Enquirer: 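Structure incoming, see below.
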Amino acid sequence: VRRCRVEVLPHAPYEHCTYVLNSSHVVIEGCDLNRCGDGVFALQDSHDVQVLDNHIYEHKRRAVHFLKASGVVRGNRMHHQGFPNDICLDNSPNVELIDNETNTPVDIK
């Protein structure tokens, strides 16, 4: 998914902008993701999920949430999320975080 704009309509504010389930080699790059549940939600043994150079903002939950997934989160601008952390790594020890613009600590579970 490259250079797209995703905004969830007001009647479904907790839907995720991008949802990666049991997938490999997924690239989300240069997108404008806003007003969703999570900007990027990667889970259930997804591998090599690359979240690169996106603007992710004004979500009800988090900008990026990895749950039992692996990959790279690099060069993203994140702000104004509903949860106290822009990035959550839940049982996801193999995620590389590189040069992301965020004002919150990473939530590692």
Side-chain angles (χ1 to χ4, degrees):
V1 179
R2 292 198 164 105
R3 293 182 249 309
C4 71
R5 177 176 170 75
V6 178
E7 181 175 341
V8 172
L9 298 173
H11 64 276
Y14 290 96
E15 292 298 322
H16 306 302
C17 282
T18 54
Y19 187 79
V20 181
L21 176 63
N22 291 326
S23 300
S24 295
H25 312 297
V26 174
V27 178
I28 301 163
E29 181 178 17
C31 297
D32 188 304
L33 308 173
N34 71 338
R35 296 189 180 112
C36 307
D38 286 325
V40 176
F41 189 28
L43 71 157
Q44 297 300 334
D45 299 318
S46 292
H47 302 285
D48 191 24
V49 177
Q50 300 178 35
V51 182
L52 312 170
D53 303 314
N54 299 289
H55 187 199
I56 308 171
Y57 58 101
E58 294 180 10
H59 290 287
K60 301 291 188 271
R61 298 173 53 87
R62 300 172 190 89
V64 177
H65 186 181
F66 275 61
L67 173 61
K68 296 181 182 176
S70 65
V72 176
V73 180
R74 183 184 72 221
N76 299 284
R77 292 180 298 136
M78 303 175 234
H79 55 89
H80 297 77
Q81 315 310 330
F83 280 25
N85 305 89
D86 290 340
I87 301 171
C88 178
L89 304 179
D90 192 349
N91 290 312
S92 300
N94 297 316
V95 176
E96 251 187 294
L97 302 175
I98 305 168
D99 297 329
N100 294 291
E101 184 181 311
T102 176
N103 293 324
T104 66
V106 177
D107 182 14
I108 299 176
K109 299 177 181 182

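No experiment lies behind these values; they were computed from the predicted model shown.
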Enquirer: Within the 4.5 Å heavy-atom criterion, are Phe66 and Val73 side-chain neighbours or not?
Expert: yes
Enquirer: Quick one: CG on Asn100 to CG on Asn76, what's the gap to the nearest 0.5 Å?
Expert: 5.0 Å
Enquirer: When you measure from the side chain of Ser92 to the backbone of Lys68, do you find a donor-acceptor pair of N or O atoms at a distance under 3.5 Å?
Expert: yes
Enquirer: Give the table of side-chain donor-acceptor pairs shorter than 3.5 Å for residues 17-28, with sequence neighbours excluded, one pair per line with atom names and distance.
Expert:
unit_1, atom_1, unit_2, atom_2, d
Thr18, OG1, Gly39, O, 2.9
Ser23, OG, Leu21, O, 2.9
His25, ND1, Asp48, OD2, 2.8

Enquirer: If we ignore hydrogens and angles and just use 3.5 Å, is the side chain of Asp99 paired with the main-chain N or O of Gly75 as donor and acceptor?
Expert: no
Enquirer: Side-chain contact test, heavy atoms from C-beta onward, threshold under 4.5 Å: evaluate it for Glu58 versus Arg35 and give yes or no.
Expert: yes
Enquirer: Run the ring-ring contact (aromatic ring centres under 6.0 Å, His included) test against His79 and tell me which residues pass, sequence neighbours left out.
Expert: His55, Tyr57
Enquirer: Hey, could you give me the CZ/CG distance between Arg74 and Asp53, rounded to the nearest 0.5 Å?
Expert: 6.0 Å
Enquirer: Closest heavy-atom contact between Ser46 and Val49?
Expert: CB-CG2, 3.8 Å
Enquirer: Using the rule that Ile, Leu, Val, Met, Phe, Trp and Tyr join whenever any side-chain heavy atoms are under 4.5 Å apart, tell me whether Leu52 and Ile98 fall into a single cluster.
Expert: yes
Enquirer: Are Val51 and Val106 linked, directly or through intermediate hydrophobic residues, by side-chain heavy-atom contacts shorter than 4.5 Å (ILVMFWY only)?
Expert: yes
Enquirer: Report yes or no: do Leu67 and Val40 belong to one cluster of Ile/Leu/Val/Met/Phe/Trp/Tyr joined by side chain heavy-atom distances under 4.5 Å?
Expert: no
Enquirer: Rounded to the nearest 0.5 Å, how far does CZ of Arg62 lie from CE of Met78?
Expert: 13.0 Å
Enquirer: Between CG of Asp86 and CG of Asp38, what distance do you get to the nearest 0.5 Å?
Expert: 11.0 Å
Enquirer: Measure across Ala69 and Ala42 and return the closest heavy-atom pair with its distance rounded to 0.1 Å.
Expert: CB-O, 3.7 Å
Enquirer: Where do Asn54 and Gly30 come nearest, in terms of heavy atoms and distance?
Expert: OD1-N, 3.1 Å
Enquirer: Side-chain contact, heavy-atom cut-off 4.5 Å: Val95 with Ile87?
Expert: no
Enquirer: Checking the side chain of His16 only, and the main-chain atoms of Gly37 only, is there a donor and an acceptor separated by less than 3.5 Å?
Expert: no
Enquirer: Looking at side-chain heavy atoms only, is the closest gap between Thr102 and Gln81 below 4.5 Å?
Expert: no
Enquirer: Kindly compute the distance separating CD1 (Ile108) from CG (Leu97), expressed to the nearest 0.5 Å.
Expert: 7.0 Å
Enquirer: Hey, could you give me the NE2/CG distance between His80 and Asn34, rounded to the nearest 0.5 Å?
Expert: 12.0 Å
